[in-house]
Enquirer: 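For reference, the structure I am asking about is given below.
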Amino acid sequence: MNSTAQLHQLNPNAIALCVLGRWIAGRQWVPATGGNFSIRTSENSALVTASGKDKGELSPQDLLPVSWQGQQLSCNGTPSAETALHAMLYQLNPATKAVLHTHSVQATVFSRLINQDNYLFAGYEMQKAISGISSHEQLLPLAIFDNTQDIPALATELAQRWHKQPLQYGLLVRGHGLYVWGNSLEQAKRHLEGWEFLINCELERFKIAGLP
Ligand SMILES: CSC[C@@H](O)[C@@H](O)C(=O)COP(=O)(O)O
Ligand SMILES: [Zn+2]
């Protein structure tokens, strides 16, 4: 490992991200090496989890320095297979400091029950867990994208949709999982819990009231 990589991994946020990974894994949201995480280190770089790692057992050396120029990524190692989506989220909003991707059963099932490319949450106090939302009466959209193994294509689609309407700190990939982000690691964690809570509420409601 070169000295720049070692310096990045001494970043206190790198340790905080490893700790958060254990917390997320404890909720069964990253089974079987699923999911990936990153924290921004500069305008055009981030530490990204190495591909194929158990995200509940990360140590700082599992966070790889990645930099980007548009869709061009560079890294001395094999970062997450979904790094292009992280890089796109950082490029779409310079304030974004952390990105978390999870594979909870609930988010995965919910994403398969919704055929539209957006689902509107309304009426939940917990919508206020998402930054910018101040009332349960405010509509809160969650964007849903079809899954693909072509992650650069998904990143391009994300950018196209974002330019029409910026997303609200979360998106679902159908049959795959949830992405959340935030202006700090703590905010990204709050968005993760918030979106998971809202998705669970709607799933419970569908069981009683039927699908929308
Ligand atoms: C367990 S397969 C899941 C992967 O295909 C992918 O969706 C994922 O989230 C983890 O990939 P990774 O390359 O480890 O970041
Ligand atoms: Zn994934």
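Model, not experiment: these values are computed from the prediction.
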Enquirer: Give me each pair satisfying side chain to side chain donor-acceptor pair (under 3.5 Å) with a member in residues 151-164, each pair once, sequence neighbours excluded.
Expert: Gln71-Thr156
Enquirer: Please report the closest heavy-atom contact between Pro60 and Cys18, naming both atoms and the distance.
Expert: N-SG, 3.6 Å
Enquirer: What is the ring orientation for Trp68 with Tyr90, classed by angle as parallel under 30°, tilted 30 to 60°, or perpendicular over 60°?
Expert: parallel
Enquirer: With a sphere of 6.0 Å drawn around CG of Asp150, does it hold more than 12 non-hydrogen atoms of other residues, nucleotides or ligands?
Expert: yes
Enquirer: Output, in order, the C-alpha distance, side-chain angles, deciding distance and verdict of side-chain contact (heavy atoms from CB on, under 4.5 Å) for Leu92 and Leu158.
Expert: CA-CA 9 Å; Leu92 289 168; Leu158 164 62; 3.9 Å; yes
Enquirer: Please answer whether the main-chain N or O of Gly123 pairs with a side-chain N or O of Glu137 as donor and acceptor at a distance below 3.5 Å.
Expert: no
Enquirer: Linking I/L/V/M/F/W/Y whenever their side-chain heavy atoms sit closer than 4.5 Å, directly or via other members, would Ile114 and Leu139 fall into one cluster?
Expert: no
Enquirer: Would you check if the side chain of Lys55 reaches a backbone N or O of Gly21 as a donor-acceptor pair within less than 3.5 Å?
Expert: no
Enquirer: Apply the test side-chain hydrogen bond (donor to acceptor under 3.5 Å, both in side chains) to residues Ser80 and Thr49: give CA-CA distance (whole Å), side-chain angles for both, the deciding distance (0.1 Å), then the verdict.
Expert: CA-CA 6 Å; Ser80 169; Thr49 47; 5.1 Å; no
Enquirer: Nearest heavy-atom pair of Thr108 and His176: which atoms, and what distance?
Expert: OG1-O, 3.5 Å
Enquirer: Tell me whether the count of non-hydrogen atoms from other residues, nucleotides or ligands lying under 6.0 Å of CD in Gln69 goes above 12.
Expert: no
Enquirer: Measure across Ala25 and Gly56 and return the closest heavy-atom pair with its distance rounded to 0.1 Å.
Expert: CB-CA, 3.5 Å
Enquirer: State whether the side chain of His191 and the backbone N or O of Trp181 hold a donor-acceptor pair below 3.5 Å, judged by distance alone.
Expert: yes
Enquirer: Looking at every heavy atom in both Thr33 and Asp54, which two are closest together, and how far apart are they?
Expert: CG2-N, 4.1 Å
Enquirer: Output the distance between atom CG (Leu20) and atom CG (Leu100), rounded to the nearest 0.5 Å.
Expert: 5.5 Å
Enquirer: With no hydrogens and no angle check, is any side-chain donor or acceptor of Gln127 less than 3.5 Å from a backbone partner on Ala122?
Expert: yes
Enquirer: Before accepting this row, confirm whether a basic side-chain N of the pair Lys189/Glu186 lies closer than 4.0 Å to the acidic partner's carboxylate O.
Expert: no
Enquirer: Has Arg40 got a side-chain atom pairing as donor or acceptor with Glu43's backbone, closer than 3.5 angstrom?
Expert: yes
Enquirer: I'd like to know whether Gln187 forms a side-chain hydrogen bond (donor to acceptor under 3.5 Å, both in side chains) with Ser131, so could you lay out the CA-CA distance, the side-chain angles of the two residues, the decisive distance to 0.1 Å, and finally the verdict.
Expert: CA-CA 8 Å; Gln187 194 188 80; Ser131 297; 3.2 Å; yes
Enquirer: Under the ring-ring contact (aromatic ring centres under 6.0 Å, His included) rule, collect the residues that match up with Tyr119, sequence neighbours excluded.
Expert: Phe110, Phe121
Enquirer: Under 3.5 Å, is there a donor-acceptor pair between the side chain of Asn200 and the main chain of Phe197?
Expert: no
Enquirer: If Ile, Leu, Val, Met, Phe, Trp and Tyr residues are connected whenever their side-chain heavy atoms lie under 4.5 Å apart, and connections chain through other members, are Leu211 and Leu198 in the same group?
Expert: yes
Enquirer: Apply side-chain hydrogen bond (donor to acceptor under 3.5 Å, both in side chains) to Thr102 and Arg27, showing your working.
Expert: CA-CA 10 Å; Thr102 50; Arg27 275 148 190 77; over 6 Å; no
Enquirer: Checking side-chain polar atoms at under 3.5 Å, does Glu196 have a donor or acceptor matched by the opposite partner on Ser104?
Expert: yes
Enquirer: Residues two or more places apart in sequence or in another chain: which of them pass salt bridge (Lys or Arg N to Asp or Glu O under 4.0 Å) with Lys207?
Expert: Glu204
Enquirer: Any side-chain to backbone donor/acceptor pair from His101 onto Leu178? Under 3.5 Å, distance only.
Expert: yes
Enquirer: List the steps, then state whether side-chain hydrogen bond (donor to acceptor under 3.5 Å, both in side chains) holds for Ser42 with Asn44.
Expert: CA-CA 5 Å; Ser42 77; Asn44 63 349; 3.2 Å; yes
Enquirer: Where is the tightest heavy-atom contact between Pro94 and Lys97, given as atom of each residue plus distance?
Expert: O-NZ, 4.2 Å
Enquirer: Measure centre to centre between the rings of His86 and Tyr179, then say whether the value is under 6.0 Å.
Expert: yes
Enquirer: Just by distance, do the side chain of Gln91 and the backbone of Gly70 share a donor-acceptor pair under 3.5 Å?
Expert: yes
Enquirer: In Å and rounded to the nearest 0.5 Å, what is the CG to CG distance from Leu154 to Asn147?
Expert: 7.5 Å
Enquirer: Taking Arg174 for the side chain and Ser111 for the main chain, is one N or O donor matched with an acceptor at less than 3.5 Å?
Expert: yes
